[in-house]
Amino acid sequence: MTQDHTTAPDAAPASPAPWRPARTVAVILAGGTGTRLGLGIPKQLLKIAGKPIIEHTLAVFEAAPEIDEIIVLMATGHVDDARRIVADAGFRKVTKVIEGGETRNDTTRIALDAVGEGDVNILFHDAVRPLVSARIVRECVNALWTYSAVDVAIPSADTIIQVDADDCITDIPVRSRLRRGQTPQAFRSGTIREAYRRAEGDPDFAATDDCGVVLRYLPGTPIKVIDGSDENIKVTHPVDVHLADKLFQLAAAQAPRLTHRGYAEELTGRTIVVFGGSYGIGHDLAELARGYGAQVFPFSRSTTGTHVERAEDVTAALKTAFEATGRVDHVVVTAGILEKGALAEMDSETMDRLLHVNFVGPVTIARQSLPYLQQTKGQLLLYTSSSYTRGRARYALYSATKAALVNLTQALADEWAEFGVRVNCVNPERTATPMRTRAFGEEPEHTLLSSEAVAQASLDVLISELTGQVVDVRRSPGEQVAAVPAQPGADRSELSTGA
């Protein structure tokens, strides 16, 4: 089917009938092998932000009200992997997971056969573009009411040059007229079928882009371009993995907050265990969650005699909460210590304390918490520091343990996915806590994040479906925060991080 053209009123009887598709089908193209990433598995099965890339992608189309059905074309030999992901995630719109073709031409033909006959909207989307937005999907589908072919693209920020076989410039097109193509690409079924039917007679036909097939073989068909987004990247090269992971992290940090009633609905009746809940972030989180109806059990060295690095103390704490409420939904570990000093000058006792409280403690808590969290499909929430990305002089061990917690988060999110247990890590910028004040003294109030803000962001993570995420928490513009004085007699091992 080609694009309908509006005619004059006196020619109305000859006008084609308006487009009335029976349904809208998203075809997820997952035939890549991951060669450029140097992987032993297809890149769409690589985990980012705690889930396989293809699962993130499918979730967008599953949630889109404009999409009625999803068909997955998977790389040879990995169809069962994709089917397991679909089953485990409970995607109800996925009707077929089938093997793709050896070429893009073959894959599209297989997809068209899988869609079947009749008037249908079809969206082709790369499985390795997991950050496609609901807005893009909606605008593609809406555009098909007017156009029979739709592409997604963004302006080019770089100057594009054309070169010859010797890599010499032959042309520099005007950048304002150029776009960088993305997916999905959307079509009325009759249009894409006719384009491929005509292409079959061309011995030189080789498709890499479905809109290109329409442009070449149905040259009279307008192809509408809607705005894509910079975030809608295609995971192709190793650096793309890190970029996509960071983009998911940023999206998580910007998730909208609920109303008071919404938090109460989410938290009432839940049991939250907080290790390090006497001061700083841990204390504020406990108070906030309790105010929304959660049953909160804070444990620390000074108030309950709980040493996070001792398995028997952790066991007793979790048992106390479970016996009181019959469940443990969330386990939060804000306990940590910061001892400054050059590594070569640090005594063994201090090094042991840093390593055991900051890393052995969270590992111990994770091991002990899993049986409880399996029952509730709950979440373990850890805390890192901005120093995890680059070790800082004079607190090398602190930085190293915080980097280890990020790795622990990502690894456990993968290991525990089969149990339905989520694991995330909050990364607050410099935060006004007693621990920080003790280590760095009084600092300008406008340079620090409030522990209350971190506690609120932590609740947002707890009630989300995120897993495997390192969620940045940053000050809002203009936020004024007073430095928090160190609490007399406070034990360093129970103070929230924020250095």
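Every value quoted in this text rests on a predicted model; they were computed, and no experiment measured them.
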Subject >> Exercise: identify the closest heavy-atom pair between Thr384 and Pro428 >> reply: O-CD, 3.5 Å
Subject >> Result of checking Ile136, Ile226, Leu29 against Pro184 for side chain to side chain contact (heavy atoms under 4.5 Å, CB included) >> reply: Ile136
Subject >> Closest heavy-atom pair and its distance - Val461, Ser464 >> reply: O-OG, 2.7 Å
Original post:
Is any side-chain heavy atom of Leu288 closer than 4.5 Å to a side-chain heavy atom of Asp284?
Top reply: no
Original post:
Rounded to the nearest 0.5 Å, what separation is found between the CG atom of Asp329 and the OG1 atom of Thr271?
Top reply: 5.5 Å
Original post:
When the ring planes of Tyr263 and Tyr292 are compared, do they come out parallel, tilted or perpendicular, using 30° and 60° as the limits?
Top reply: parallel
Original post:
Looking only at heavy atoms, which two atoms of Phe299 and Thr304 are closest? And how far apart?
Top reply: CA-OG1, 3.5 Å
Original post:
Do other residues, nucleotides or ligands put more than 12 heavy atoms under 6.0 Å from Arg367 CZ?
Top reply: no
**OP:** Measure the shortest side-chain to side-chain distance between Val332 and Leu285 over non-hydrogen atoms and say whether it is less than 4.5 angstrom.
**Re:** yes
Original post:
Quick one: are Ile272 and Gln295 in side-chain contact, heavy atoms under 4.5 Å?
Top reply: no
Subject >> Polar side-chain atom of Asn358 near backbone of Ile337 as donor-acceptor pair, under 3.5 Å >> reply: yes
**OP:** To the nearest 0.5 angstrom, please state how far the CH2 atom of Trp416 sits from the CG atom of Leu380.
**Re:** 5.5 Å
Original post:
Does a sphere of radius 6.0 Å around CD in Glu349 hold more than 12 heavy atoms from other residues, nucleotides or ligands, not counting ones at 6.0 Å or beyond?
Top reply: no
Subject >> Pairwise side-chain contact, Leu370 with Phe419, heavy-atom cut-off 4.5 Å (strictly under) >> reply: yes
Subject >> Separation of Ile67 CD1 from Lys93 NZ (nearest 0.5 Å) >> reply: 6.5 Å
Original post:
Nearest 0.5 Å, what's the CD-CD distance between Gln379 and Glu465?
Top reply: 9.0 Å
Original post:
With sequence neighbours left out, what residues match Phe91 under ring-ring contact (aromatic ring centres under 6.0 Å, His included)?
Top reply: none
Subject >> Within-4.5 Å side-chain heavy-atom neighbours: Phe248 and Pro130 >> reply: yes
Subject >> Close side-chain approach of Met351 and Leu343, heavy atoms under 4.5 Å >> reply: yes
Subject >> Verdict with supporting geometry, Glu309 and Arg301, salt bridge (charged side-chain N to carboxylate O under 4.0 Å, His left out) >> reply: CA-CA 11 Å; Glu309 70 274 22; Arg301 181 173 298 186; 3.1 Å; yes
Original post:
With a 4.0 Å cut-off, would you call Asp126 and Lys43 a salt bridge?
Top reply: no
**OP:** Check whether more than 12 heavy atoms from other residues, nucleotides or ligands sit under 6.0 Å from atom CZ of Arg23, and answer yes or no.
**Re:** yes
**OP:** Test Val27 against every option in Leu73, Ile70, Ile110, Val72 by the side chain to side chain contact (heavy atoms under 4.5 Å, CB included) rule and name the one that passes.
**Re:** Leu73
Original post:
How many angstroms lie between OG in Ser369 and CG in Leu318, if you round to the nearest 0.5 Å?
Top reply: 4.5 Å
**OP:** Go through the steps to decide whether Arg83 and Asp88 satisfy the test salt bridge (charged side-chain N to carboxylate O under 4.0 Å, His left out), and finish with yes or no.
**Re:** CA-CA 9 Å; Arg83 286 174 176 164; Asp88 292 345; over 6 Å; no
